[in-house]
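Everything numeric here is computed off the predicted structure, so don't read it as measured data. For the single chain, residues carry numbers from 1 onward in sequence order.
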Amino acid sequence: MRRIFYLLTGILACASTVKAQMPGANIGDQGSVTFTYRGKQVTYTTVRAGDSSVWLQQNLGSSRVATAVNDTASYGDLFQWGRWDDGHQLRTSPGKQTNMLNPNNPLGLGTGDSSFIWNNVNPLWWAGDSAKKSDTWSADPISATNGKDPCTAIGLGWRLPDSLMWAKVRVAENITNTVATGYNNRLKLPAAGYRNSNGIRNIQGVGNSNLYMVNQNFSDRNPWYVFNSNLSSIWTRSYAGSCRCIYIPLCDGKPAVEQ
């Protein structure tokens, strides 16, 4: 009985989500994952990319895989660095100037405010004066130094990619620009545009530019982004971009050792 218990425990620990059909082992194999996003059940397509990793084949918040680089249904939501599904990521969310959160860290974002925060007047919010390079954007609980990774809504093992993961898949998929190779690869990256932090209300670069989120910081105030699909760029945390999630297994899939 004890062995059965540990075997079941190992299986549950390795589960990625309740409803998922993982892609096969071959590059280009597709699967799907069903999860709850913004209070609604959604099913997204997944793909085994050229780096052998499993990625979503569509942006978080989109309604389908891109059929063209300027397919508006594939654009999805735009997240500010360190923020989660609080409504600010909607492309129609209102913007407002907020100099200081209370407290001036991720905990101050958990007040139900769904606004896109402009960040061009000192003293700056968490993106500025209180920011630290060691701050994280992970599956850990929201804290003074950690914002909740929106990819964790998909299930265990799903997360935002780091810069090395992006670099690896861009080489493997020969992604060298936005319009041509950014779309014509297994990830199907659309030119969803981005929002900046200087109070401009319109989303910029739609149809010809994109900004994909990376969960790492370059400096106290500035995290990494993947800009125009092939260029690692450094902007403030107030810029908002697309989230493309990657699956990293939490275990090796082997049965648990009998205790």
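- The heavy-atom pair separating Thr46 from Val54 by the smallest distance is CB-CG1, 4.1 Å.
- Residues Leu101 and Ile117 meet the side-chain proximity criterion, which asks for heavy atoms closer than 4.5 Å.
- For Phe79, the ring pair (Phe, Tyr, Trp, His ring centres under 6.0 Å) criterion is met by His88, not counting sequence neighbours.
- Every pair tested for disulfide bond (SG atoms under 2.5 Å apart) that includes a residue from residues 84-137 fails, sequence neighbours excluded, so the list is empty.
- Inter-residue side-chain proximity for Ser53 and Val169 is flagged as unmet; no heavy-atom pair is nearer than 4.5 Å.
- At least one side-chain heavy atom of Trp84 sits less than 4.5 Å from a side-chain heavy atom of Ile142.
- Each salt bridge (charged side-chain N to carboxylate O under 4.0 Å, His left out) pair with one or both residues in residues 60-82, not counting sequence neighbours, appears once here: Arg64-Asp71.
- Here the closest heavy-atom approach between residue Gly82 and residue Trp126 is recorded as CA-CZ3, 3.8 Å.
- Surrounding CD of Gln21 are at most 12 heavy atoms belonging to other residues, nucleotides or ligands under 6.0 Å away.
- Leu231 is connected to Tyr225 through a chain of hydrophobic side-chain contacts under 4.5 Å among Ile, Leu, Val, Met, Phe, Trp and Tyr, so both are in one cluster.
- Between Lys133 and Asp220, the shortest heavy-atom contact is N-OD1, 3.0 Å.
- No single ILVMFWY cluster, assembled from side-chain heavy atoms under 4.5 Å apart, contains both Val69 and Tyr212.
- For the pair Gln89/Leu78, no side-chain contact is recorded, criterion being any heavy-atom separation below 4.5 Å from C-beta on.
- Distance check: Gln57 CD to Lys188 NZ gives 7.5 Å after rounding to the nearest 0.5 Å.
- Taking all atoms of both residues into account, the shortest heavy-atom contact from Arg237 to Ala127 is CB-CB, 3.6 Å.
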Could you walk me through whether Cys151 and Cys245 pass the disulfide (SG to SG under 2.5 Å) check? CA-CA 6 Å; Cys151 292; Cys245 308; 2.1 Å; yes
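- When the side chain to side chain contact (heavy atoms under 4.5 Å, CB included) test is applied to Ile234, the partners found at least two apart in sequence or on another chain are Phe218, Asn222, Trp224.
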Apply side-chain hydrogen bond (donor to acceptor under 3.5 Å, both in side chains) to residues Asn208 and Thr178 and explain how you reach the verdict. CA-CA 7 Å; Asn208 56 56; Thr178 302; over 6 Å; no
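- Residues passing the ring pair (Phe, Tyr, Trp, His ring centres under 6.0 Å) test with Trp235 are Tyr194, Phe227, Tyr239, sequence neighbours excluded.
- Residues in residues 38-60 take part in these ring pair (Phe, Tyr, Trp, His ring centres under 6.0 Å) pairs, two or more places apart or across chains: Phe35-Tyr44, Trp55-Trp166.
- Taken to the nearest 0.5 Å, the CG atom of Asp149 stands 8.5 Å off from the CD1 atom of Ile154.
- Here the side chains of Asn185 and Asn174 are not in contact, with every heavy-atom distance at 4.5 Å or above.
- Under the 4.5 Å side-chain heavy-atom criterion for Ile, Leu, Val, Met, Phe, Trp and Tyr, Met165 and Leu189 are members of the same hydrophobic cluster.
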Determine, step by step, whether Leu90 and Arg38 satisfy the side chain to side chain contact (heavy atoms under 4.5 Å, CB included) criterion, reporting the C-alpha distance in whole Å, the side-chain angles of both residues, the deciding distance to 0.1 Å, and the verdict. CA-CA 10 Å; Leu90 300 180; Arg38 297 205 51 75; 3.9 Å; yes
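- Under the 3.5 Å distance criterion, with hydrogens and angles disregarded, no donor-acceptor pair is assigned to the side chains of Ser114 and Ser93.
- Hydrophobic cluster membership differs between Val47 and Ile27, with clusters built from Ile, Leu, Val, Met, Phe, Trp and Tyr side chains linked at under 4.5 angstrom.
- Between Asp113 and Asp86, every side-chain heavy-atom pair lies at or beyond the 4.5 Å cut-off.
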Go through the steps for Ser74 and Thr67 under the test side chain to side chain contact (heavy atoms under 4.5 Å, CB included), then give the verdict. CA-CA 8 Å; Ser74 72; Thr67 59; over 6 Å; no
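- Nearest approach of Asn59 to Pro190, heavy atoms of both residues: ND2-CG, 3.6 Å.
- Side-chain atoms of Ser138 and Asn215 include no donor-acceptor pair closer than 3.5 Å.
- One finds the OG1 atom of Thr152 at 8.5 Å from the CG atom of Leu160 (value rounded to the nearest 0.5 Å).
- The minimum heavy-atom distance linking Ser232 with Arg170 is given by the pair OG-NH1, 3.5 Å.
- Residue Tyr183 is not grouped with residue Tyr75 when hydrophobic side chains (ILVMFWY) are merged at heavy-atom distances under 4.5 angstrom, including chains of intermediate members.
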